[in-house]
Amino acid sequence: MNIALMYAMRAEIASLLRGDETPLLQSVAGVEFYRIRPNVIACCGGVGKVNAAMSAQLLIQLYHPDLIINVGVAGCFENVPIGTVVLAEGFVQHDFDTSALDGPEYEGFVATVHRTVFPTADPDRARAAMDATGQPYRTGLVATGDWFATDTPRARHIAEKFHPLLCEMEGGAVAHVCLRNEVPFMAVKSVSDCLFGDNDFSFNFPAAMEKLDTVVMDFIDHLEG
């Protein structure tokens with residue numbers, strides 16, 4: 001099985017890059033593609049939905065993966081420990097909103113593909129693979145939009161409207177592109193900040209990334225096993 005890993009930031013992919021062992025295959029429109037293993041390609045596409053969608057389409061056309069896994073950090077709507085691993089159950093695009101024209105039920109509804117929730121592939125198999133890693137994890141819905149979420153009325157509205165566990169800026173776009181290309185899609189995230197925590201807001205990228213890439217590679221091993 002050929003697997004592709006999609007990251008937004010170079011700092012997220014950095015631990016997988018080991019010089020000659022993980023060569024840069026090419027850079028296309030600013031998107032860098034690396035060979036992590038003989039059957040694993042990874043790319044660093046940039047932050048936000050447009051970058052994510054472009055990178056996903058390039059990845060599909062250039063490398064024809066059997067599965068794309070979106071990996072990266074995310075904010076959490078619950079107060080959980082930083083570094084909590086989350087296996088995504090699906091994605092919504094919280095900033096896709098035609099409700100002013102079509103009615104409140106169309107907030108988040110993407111008419112092109114007639115859905116609000118973009119599901120992830122083969123959830124039973126994904127959960128079994130994550131169970132086999134021995135890593136504690138959560139599952140839940142992820143809200144995607146071109147906005148870095150903090151504790152604001154907008155964030156409270158997203159939580160009430162969609163009931164997601166996480167909020168980030170790329171995964172929903174990747175899920176959308178994968179759906180239209182009929183490529184299976186999964187996502188593994190790590191919590192970098194808690195939107196509604198009791199303490200002052202803190203974004204802890206190093207703690208979120210400490211184990212994530214190791215867990216993802218172990219997850220892949222068990223998916224293939």
Side-chain angles (χ1 to χ4, degrees), residues 1-16 31-34 36 40-63 65-76 84-96 110 117-123 125-127 129-130 133 135 137-146 148-149 164-192 205 208-209 211-220 223:
M1 179 168 58
N2 292 319
I3 295 175
L5 303 177
M6 278 205 59
Y7 293 82
M9 296 180 285
R10 188 172 180 83
E12 292 173 325
I13 197 175
S15 71
L16 296 180
V31 182
E32 297 178 340
F33 297 90
Y34 297 89
I36 307 302
V40 178
I41 299 291
C43 78
C44 179
V47 173
K49 289 170 63 179
V50 172
N51 284 324
M54 180 183 72
S55 302
Q57 191 64 46
L58 285 171
L59 196 51
I60 290 166
Q61 291 178 323
L62 293 172
Y63 296 102
D66 300 305
L67 171 68
I68 289 180
I69 304 175
N70 180 224
V71 184
V73 303
C76 189
T84 297
V85 172
V86 176
L87 178 66
E89 293 180 319
F91 285 79
V92 297
Q93 296 182 50
H94 67 75
D95 60 350
F96 198 103
V110 183
V117 177
F118 291 77
T120 51
D122 209 343
R125 181 182 173 204
R127 283 193 296 269
M130 190 60 79
T133 70
Q135 170 69 35
Y137 69 98
R138 297 280 303 273
T139 61
L141 188 69
V142 183
T144 298
D146 282 326
F148 188 96
L165 178 61
L166 301 180
C167 191
E168 47 83 87
M169 299 178 68
E170 293 84 28
V174 183
H176 191 157
V177 171
C178 286
L179 178 71
R180 295 195 67 176
N181 284 275
E182 300 182 338
V183 175
F185 168 76
M186 296 178 183
V188 181
K189 301 288 186 174
S190 180
V191 173
S192 56
F205 182 83
M209 288 303 305
K211 295 182 293 185
L212 181 58
D213 286 335
T214 299
V215 171
V216 167
M217 298 311 292
D218 199 12
F219 174 67
I220 287 173
L223 275 177

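- A 4.5 Å side-chain heavy-atom check between I60 and I68 finds at least one atom pair inside the cut-off.
- The side-chain heavy atoms of V73 and K189, taken from C-beta on, include no pair separated by under 4.5 Å.
- Rounded to the nearest 0.5 Å, atoms CG (L16) and OG1 (T214) are 8.0 Å apart.
- The two residues M6 and V174 come nearest to each other via the heavy atoms SD-CG1, 3.7 Å.
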Q | Test side-chain contact (heavy atoms from CB on, under 4.5 Å) applied to V191 and L166, step by step | A | CA-CA 8 Å; V191 173; L166 301 180; 3.9 Å; yes

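- C167 places a side-chain heavy atom less than 4.5 Å from the side chain of H94.
- The backbone N or O of A74 lies less than 3.5 Å from a partner atom in the side chain of S192, making a donor-acceptor pair.
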Q: For side-chain contact (heavy atoms from CB on, under 4.5 Å), just list the numbers for E168 and V142, CA-CA rounded to whole Å, side-chain angles, deciding distance to a tenth of an Å, and then say yes or no.
A: CA-CA 7 Å; E168 47 83 87; V142 183; 3.5 Å; yes

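- Under the 4.5 Å side-chain criterion, counting only non-hydrogen atoms from C-beta, F91 is not in contact with L179.
- Among all heavy-atom pairs drawn from G171 and N70, the shortest one is CA-OD1, 3.3 Å.
- Within the 4.5 Å cutoff, the side chain of I41 has no heavy atoms near those of the N2 side chain.
- Smallest separation of non-hydrogen atoms from V31 and S55: CG2-OG, 3.5 Å.
- The shortest distance between side-chain heavy atoms of M217 and L5 falls below 4.5 Å.
- Atom CZ of R127 sits about 7.0 Å away from atom OH of Y137, to the nearest 0.5 Å.
- Under the 4.5 Å side-chain criterion, counting only non-hydrogen atoms from C-beta, V85 is not in contact with K211.
- Within the 4.5 Å cutoff, the side chain of L165 has heavy atoms near those of the C76 side chain.
- Taking every heavy atom of both residues into account, A121 and P184 meet most closely at CB-CB, 3.8 Å.
- Considering all non-hydrogen atoms of both residues, F219 and A126 come closest at CE1-O, 3.2 Å.
- A side-chain donor-acceptor contact under 3.5 Å links D95 to the backbone of D146.
- A distance of 6.0 Å or more separates the ring centres of F185 and F118.
- Looking at Q57, its side chain never comes within 3.5 Å of a backbone N or O of V177 through a donor-acceptor pair.
- Not a single donor-acceptor pair under 3.5 Å links the side chain of E170 to the backbone N or O of K49.
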Q) Given the rule in the side-chain contact (heavy atoms from CB on, under 4.5 Å) test, do I69 and L223 qualify, once you have shown the distances and angles that lead to the verdict? A) CA-CA 12 Å; I69 304 175; L223 275 177; 4.2 Å; yes

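- C44 approaches I13 most closely through the heavy-atom pair CB-CG2, 4.3 Å.
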Q: Assess whether side-chain contact (heavy atoms from CB on, under 4.5 Å) is satisfied between N181 and Q61, documenting all intermediate values.
A: CA-CA 10 Å; N181 284 275; Q61 291 178 323; 5.8 Å; no

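- Listed for the T120 side chain is a donor-acceptor partner under 3.5 Å among the backbone atoms of E89.
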